[in-house]
Amino acid sequence: MDYNFKDIERRWQEYWEVNKTFKTEDDYSNPRKYYILDMFPYPSGSGLHVGHPEGYTATDIIARYKRMKGYNVLHPMGWDAFGLPAEQYAMKTGTHPSITTAENCSNFRRQIKAIGLGYDWDREINTTDPAYYKWTQWIFIQLYNTWFDHNENRGRPVSELSIPEEITAKGAAAVQEWIDSRRLAYYDDASVWWCKSCAIVCANEEVLSDGTHEKCDNTVIRKNLKQWLLRIPLYAERLLEGLDSLDWPEGIKEMQRNWIGRSEGAEVLFETEDGKDTIKVYTTRPDTLFGATYMVLAPEHPLAERLITPGMRESAAEYISKAMVKSDLVRTDLAREKSGVPTGSFVINPVNGKRLPVWIADYVLMGYGTGAIMAVPAHDERDFEFAGKFGLPVECIIDPATDCQEQRERVLNAKECWSGDGHYINSSDSTRGIDINGLGKAEGIEVITRWLTEKGAGSPKTNYKLRDWLFSRQRYWGEPFPLIHWEDGTISVVDEEDLPVELPPLTNYHPGEKGESPLANAEEWVNITTADGRRGRRETNTMPQWAGSCWYYLRYIDPGNENAIFDQRKERYWMPVDLYVGGAEHAVLHLLYSRFWHKVLYDLGVVSTDEPFKKLFNQGMILAFAYENRAGAKIASDLVEEREGKFYHKESGEELKQIVAKMSKSLKNVINPDDVIERYGADSLRLYEMFIGPLEATKPWDEKGVKGVHSFLARGYRFIAGSENINNNGTENSELAKLLHKTIKKVESDIVEMRFNTAISAMMILLNSMMKQGTVTRETASIFVLLLAPFAPHLAEELWRVLGNNNTISNEEWPPYDESYLKEDSFEYPVSFNGKLRFRLELPLSATPPEAENEVMSDERTARWLKGGKPKKIVFVKGRIINVVV
RNA sequence: GCCCGGAUGGUGGAAUUGGUAGACACGCAGGACUUAAAAUCCUGUGGCCGUAAGGCCGUGCGGGUUCAAGUCCCGCUCCGGGCACCA
């Protein structure tokens, strides 16, 4: 009676498929719905790796558990299938990406089914399906037709914009321009990252901090191209506030907060010496205005050119042109060494009338604030460094709040920078009626900001780091924009009834000239002539991969709907997603973009919730063992042999150190789920994925561990399928019944808290105990199988049948535990002396402290540890511990 | 540099959130079954001393709080992740 997992798993997977066991109905009569979502995968050519089934198994366990608890569960799967690899393959071979994509999806689907994951495959979606991206395009049109009303703090249709008369007076073109400048989606020249090797524009986020493209590792350069951008910063405050109500890991919320990067400060106006221009700067420290000794403009600042005096023309022009060519990354790369040039112009400090020289330096970024700063070297590290390098004055205006006298001296003498709190000095101007001397930072900021506002020289201002989202790519394999550029320069969106705008077939997948998308090659598709002879060109950019994944969770709700993005009633029933599980690599981008779109759709009344994902959980990465020699060189796994728990190089015999590293082809330590299923079965794969460690932890895959859980399943099978072990009559032994009910409780709470590793351990303990006892009742065996069902469903189904049931275990009720079995009436107290455990003492749980004290004192072992002394105090914690202090 | 995590036997990890450190599993050692091997089953397994009973030490390092610290506080070291001239 061997555990024939291959046969068992094949049969039950077929059963589930034929009977549509996991089909989800929109059962409005059941108010207890549970929407549990996995981050859908990009179906790569190499198939699943063991990281995918980790999260999928976790959600599958919860989904199966929730079904057993009577919830209506929505647990779907789909494919984020647009992407570069299929397109690059097309360039090389001419195979249409849709063919490659379909093959990869089939392979992923086959692999996922082989794991026994209970998805409703009737709800499968694919971002590359025109029936799906029709609605991605539809959402883009909604974004295009939405503006953000700051008064109401929400997005509204552009049809509700009230156009000021002075704009109307200027004519239709001015009106159009005015409206366009308010749309959430806009078309503009953008300085973008260009990857020569991929011939693609990259989003800021796709460029790594070393200046390389995350997809191909080649260095990117700057390029100016017409691009589509989304005004996500308008939603910065909403995106920030929304985080507070979400049950997400604190770390992820913090990352989003940092990404949004809210900062409060003030804008300050500086007039140039000649009074001809006004320069606006942004500062979080308006209180340090008295310490400003110069001003810096970003090289791209519109006034930079104008302010350069004739004498400075040559050096400044050269500096600016060099800085413009440099990428931001090179600029930040050289962060340690500051550079800049003086313009020769001066501005007047509004608080004291002092003349401040204006410099141009690339440590000031045009993209943040106003692209100009007031420099306060005494109280800002960057300015301090710059002033030091170029010999600019440093004026201390804060007596620092530090205990270190020496440091205080250095700061007061402008030898050291102090950005912390303290009391102001040299910060008054009687003629202008301003004095903050003696005040602290918080008050200083308030007083100066108020003064600036009163004098019209500034105002409070909140800034965000979050930038407009570059939303177009020069690719073929992405969603086409539903847009037409007319020959008169105007743009219009495609009528909704004409959606989807489908990708045309192509023979040449290479990019067009001047960085155009390959779609530019499809001339028949691109060129449009209307019935009245108006000519235009379709937008040839396509949307980034984020687009399809931004809203896929909504389409699962009503995937086949041809008339609407989804049925409103269904949306109200299923949303929000109750639990969303995926990797932390999507902490910022995917999750922020999704939230943004969702909020826009909410403002437009399309969705009923303000946030899409109520609870988020990030699974940790699964790594693998790797080997390293003494010199620290990594050795491929196929060159390593294990002897007596140590590792040696097969050829040189050198002893190697076992380390933990990412799975990689070069280290030959990649684990393929197919192989694991072949050797140990899907249930063993699932169980090991969960047993390896806490779901959120980074942990190494160990083949030996798979063997361990496999033998647990095999023992379970042999024990329960062995009829001599099952007692059809009689009641269970009370010790075992106690353990059984304890285990039900433990497994249930561990599932709810997503601590699957300890749940499995509890089931192992139970089985060990059952086997030790030899015979158990049919009820005990049945409950064990029910507990196992969410984790190892194939085996559980099989054993359920062996125990005489005819239906699938998937629809059985989760066993309740009986509290009366959990009550103990005595406890074996650990008795310690001065905190050191010395012996154990069995006492009734009803024992009062004096009774316990008596018992301890009268125990013969106590005398030994008192060593003739008297106890100072006896600590008694009921049901926990007794500690005698001597 | 800043912001988050983390460090427990030979290994992966448990520890009711301040109360018996090392559950469960792997590995290893010994034994049973076997002609033999695999599989399976049983026993042992943190380190040191001891035949044993037992004792001492022990959760990255150094302090502290407490009757009691893996858990809380202060100061470090190392590892992982994120951000990085954001004024």
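The sequence lines fix the lettering, A, B, ..., with proteins before strands; numbering per chain opens at 1. Just so it is clear, the model here is predicted, and its values are computed rather than measured.
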Participant: Quantified in whole Å, what is the C1' atom distance between nucleotide A36(B) and nucleotide U45(B)?
Facilitator: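 Those two atoms are separated by 28 Å.
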Participant: For Asn834(A), check side-chain contact (heavy atoms from CB on, under 4.5 Å) against everything at least two apart and list the hits.
Facilitator: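 side-chain contact (heavy atoms from CB on, under 4.5 Å) list for Asn834(A), sorted by chain: Val885(A), Val886(A).
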Participant: Test: side-chain hydrogen bond (donor to acceptor under 3.5 Å, both in side chains). Region: residues 872-886 of chain A. Which pairs qualify, not counting sequence neighbours?
Facilitator: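 As it turns out, the side-chain hydrogen bond (donor to acceptor under 3.5 Å, both in side chains) pairs with a partner in residues 872-886 of chain A, which skip direct neighbours, are Ser832(A)-Asn883(A).
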Participant: Between Tyr363(A) (OH) and G1(B) (P), how many Å, whole number?
Facilitator: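 These atoms are roughly 21 Å apart.
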Participant: Using the P atom as the reference point in each nucleotide, state the distance between G27(B) and U11(B) in Å, no decimals.
Facilitator: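 Between the two P atoms, the distance is 15 Å.
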Participant: If pairing requires Watson-Crick or G-U wobble contacts with both distances under 3.5 Å, which nucleotide is the partner of C41(B)?
Facilitator: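 For C41(B), the partner nucleotide comes out as G31(B), under the 3.5 Å rule.
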Participant: Under the salt bridge (charged side-chain N to carboxylate O under 4.0 Å, His left out) definition, can you give me all pairs with a residue in residues 746-755 of chain A, not counting sequence neighbours?
Facilitator: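 Checked against salt bridge (charged side-chain N to carboxylate O under 4.0 Å, His left out) - neighbours excluded - the pairs reaching residues 746-755 of chain A are Lys69(A)-Glu748(A), Lys746(A)-Asp750(A), Asp750(A)-Arg755(A), Glu753(A)-Arg755(A).
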Participant: Any base atoms under 4.0 Å from Gly261(A), or only sugar-phosphate, or nothing? Heavy atoms, all strands.
Facilitator: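 Nothing, no nucleic acid heavy atom in range.
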Participant: Rounded to whole Å, please give me the gap between CZ in Phe756(A) and P in A23(B).
Facilitator: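 After rounding, the reported distance stands at 23 Å.
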Participant: Nearest-nucleotide wise, let me know which of Val709(A) and Phe827(A) is further upstream toward the 5' end of RNA chain B.
Facilitator: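 The answer here is Phe827(A).
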Participant: Determine the Euclidean distance between corresponding C1' atoms of C73(B) and G81(B); express it in Å to zero decimal places.
Facilitator: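 Straight-line distance between the two C1' atoms is 26 Å.
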Participant: For the residue pair Phe712(A) and Phe784(A), does the interplanar ring angle fall in the parallel (under 30°), tilted (30 to 60°) or perpendicular (over 60°) class?
Facilitator: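 Ring orientation of Phe712(A) relative to Phe784(A): perpendicular.
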Participant: Report which part of the nucleic acid Ser263(A) touches: base, sugar-phosphate, or nothing (heavy-atom distance under 4.0 Å, all strands).
Facilitator: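 Result for Ser263(A) = sugar-phosphate.
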Participant: Taking only nitrogen or oxygen atoms into account, show me every contact under 3.5 Å that the protein makes with nucleotides 67-76 of chain B, one pair per line with its distance.
Facilitator:
from	atom 1	to	atom 2	distance (Å)
C67(B)	O2'	Asn883(A)	ND2	2.9
C67(B)	O2	Asn883(A)	ND2	2.8

Participant: Nearest heavy atom decides the nucleotide; on that basis, is Gly251(A) or Lys772(A) closer to the 5' end of RNA chain B?
Facilitator: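 It is Gly251(A) whose nearest nucleotide is closer to the 5' end.
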Participant: Looking only at atom P, what distance separates C26(B) and U43(B), rounded to whole Å?
Facilitator: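 These two P atoms come out 14 Å apart once rounded.
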Participant: Which nucleotide, in any strand shown, forms a Watson-Crick or G-U wobble pair with A36(B), with both distances under 3.5 Å?
Facilitator: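 With both distances under 3.5 Å required, A36(B) matches none.
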Participant: Is the base of G54(B) syn or anti, if syn means a glycosidic angle within 90° of 0?
Facilitator: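 Anti, angle beyond 90° from zero.
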Participant: Hunt down the Watson-Crick or G-U wobble partner of A21(B), both distances under 3.5 Å, from any strand shown, or write none.
Facilitator: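 None - no nucleotide pairs with A21(B), as no candidate has both distances under 3.5 Å.
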Participant: Can you tell me the pairing partner of U16(B) across any strand shown, Watson-Crick or G-U wobble, with both distances under 3.5 angstrom?
Facilitator: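 When the pairing criteria are applied, nothing turns out to pair with U16(B), so the answer is none.
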Participant: Taking syn as within 90° of 0 and anti otherwise, name the glycosidic form of U17(B).
Facilitator: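 U17(B): syn glycosidic orientation.
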Participant: Distance check, C1' atoms only: G58(B) and G22(B), in whole angstrom units.
Facilitator: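 Each nucleotide's C1' atom is 11 Å from the other's.
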Participant: With sequence neighbours excluded, tell me which residues meet salt bridge (Lys or Arg N to Asp or Glu O under 4.0 Å) with Lys465(A).
Facilitator: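 With neighbours one apart ignored, the set is empty.
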Participant: Sequence neighbours left out, what passes salt bridge (Lys or Arg N to Asp or Glu O under 4.0 Å) with Glu264(A)? Give chain and number order.
Facilitator: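 Glu264(A): salt bridge (Lys or Arg N to Asp or Glu O under 4.0 Å) contacts with Arg262(A).
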Participant: Sort out the partner of C56(B) for me: Watson-Crick or G-U wobble, both distances under 3.5 Å, none otherwise.
Facilitator: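 Checking every strand shown, C56(B) finds its partner in G47(B), with both distances under 3.5 Å.
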Participant: Going by side-chain contact (heavy atoms from CB on, under 4.5 Å), name the residues that satisfy it together with Glu254(A), two or more places apart in sequence or in a different chain.
Facilitator: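 Once residues adjacent in sequence are excluded, the partners of Glu254(A) under the side-chain contact (heavy atoms from CB on, under 4.5 Å) criterion are Arg257(A), Asn258(A).
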Participant: What integer number of Å spans the P atoms of A7(B) and G60(B)?
Facilitator: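 Here A7(B) and G60(B) have their P atoms 8 Å from each other.
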Participant: Using a 4.0 Å heavy-atom cut-off to protein, can you give one letter per nucleotide of nucleotides 12-17 of chain B, 5' to 3': B if the base is in contact, S if only the sugar-phosphate is, - if neither?
Facilitator: BSSSB-
Participant: List for me each residue that meets side-chain contact (heavy atoms from CB on, under 4.5 Å) alongside Ser761(A), sequence neighbours excluded, and say none if there are none.
Facilitator: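 For Ser761(A) the side-chain contact (heavy atoms from CB on, under 4.5 Å) partners, ignoring immediate neighbours, are Phe691(A), Ile765(A).
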Participant: Could you measure the distance from the CG atom of Leu466(A) to the CG atom of Leu240(A)? Nearest 0.5 Å is fine.
Facilitator: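 If I round to the nearest 0.5 Å, the distance is 10.0 Å.
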Participant: Please enumerate all residues that pass side-chain contact (heavy atoms from CB on, under 4.5 Å) together with Lys742(A), with sequence neighbours excluded.
Facilitator: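 Scan of Lys742(A) (side-chain contact (heavy atoms from CB on, under 4.5 Å), adjacent residues dropped) gives Leu822(A).
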Participant: Does Arg715(A) put a side-chain nitrogen or oxygen below 4.0 Å from OP1 or OP2 of C41(B)?
Facilitator: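 For C41(B), OP1 or OP2 has a side-chain N or O of Arg715(A) closer than 4.0 Å.
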Participant: Hey, does Asp383(A) reach any base, or is it just sugar-phosphate, or nothing, if we go heavy atoms under 4.0 Å?
Facilitator: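 Touches nothing.
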Participant: What's the closest nucleotide to the Lys704(A) side chain, out of A87(B), G27(B), U43(B)?
Facilitator: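 Minimum distance to the Lys704(A) side chain belongs to G27(B).
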Participant: Pull out every protein N or O sitting under 3.5 Å from an N or O of nucleotides 53-59 of chain B, one pair per line with the distance.
Facilitator:
from	atom 1	to	atom 2	distance (Å)
C56(B)	OP2	Arg838(A)	NH1	3.2
C57(B)	OP2	Lys836(A)	NZ	3.1

Participant: According to the Watson-Crick and G-U wobble definitions, with both distances under 3.5 Å, which nucleotide is paired to G62(B)?
Facilitator: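 Partner of G62(B): C74(B).
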Participant: Determine which nucleotide pairs with G10(B), using a 3.5 Å limit on both distances of a Watson-Crick or G-U wobble pair.
Facilitator: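 Partner of G10(B): C26(B).
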Participant: Please determine, for G1(B), whether a Watson-Crick or G-U wobble partner exists with both distances under 3.5 Å, and give it or none.
Facilitator: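 Because both required distances fall under 3.5 Å, G1(B) counts as paired with C83(B).
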Participant: When the C1' atoms of G46(B) and G70(B) are considered, how many whole Å apart are they?
Facilitator: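 So the two C1' atoms sit 15 Å from each other.
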Participant: Please assess Glu689(A) against Thr57(A) for the test side-chain hydrogen bond (donor to acceptor under 3.5 Å, both in side chains), listing each intermediate value before the final yes or no.
Facilitator: CA-CA 8 Å; Glu689(A) 293 263 4; Thr57(A) 305; 5.6 Å; no
Participant: Should we say atom NZ of Lys707(A) is surrounded by more than 12 heavy atoms from elsewhere, each under 6.0 Å from it?
Facilitator: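 Result for NZ/Lys707(A): open.
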Participant: As an exercise, state the distance from CH2 of Trp418(A) to CD of Glu381(A), rounded to the nearest 0.5 Å.
Facilitator: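 Output value for this atom pair is 10.5 Å.
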Participant: Going by the side-chain hydrogen bond (donor to acceptor under 3.5 Å, both in side chains) test, which pairs reach into residues 285-295 of chain A, not counting sequence neighbours?
Facilitator: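 Only Arg285(A)-Asp287(A), Asp287(A)-Tyr424(A), Tyr294(A)-Tyr363(A) qualify under side-chain hydrogen bond (donor to acceptor under 3.5 Å, both in side chains).
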Participant: Which value, in whole Å, describes the distance between the C1' atoms of nucleotides C57(B) and U65(B)?
Facilitator: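 To the nearest whole Å, 23 Å.
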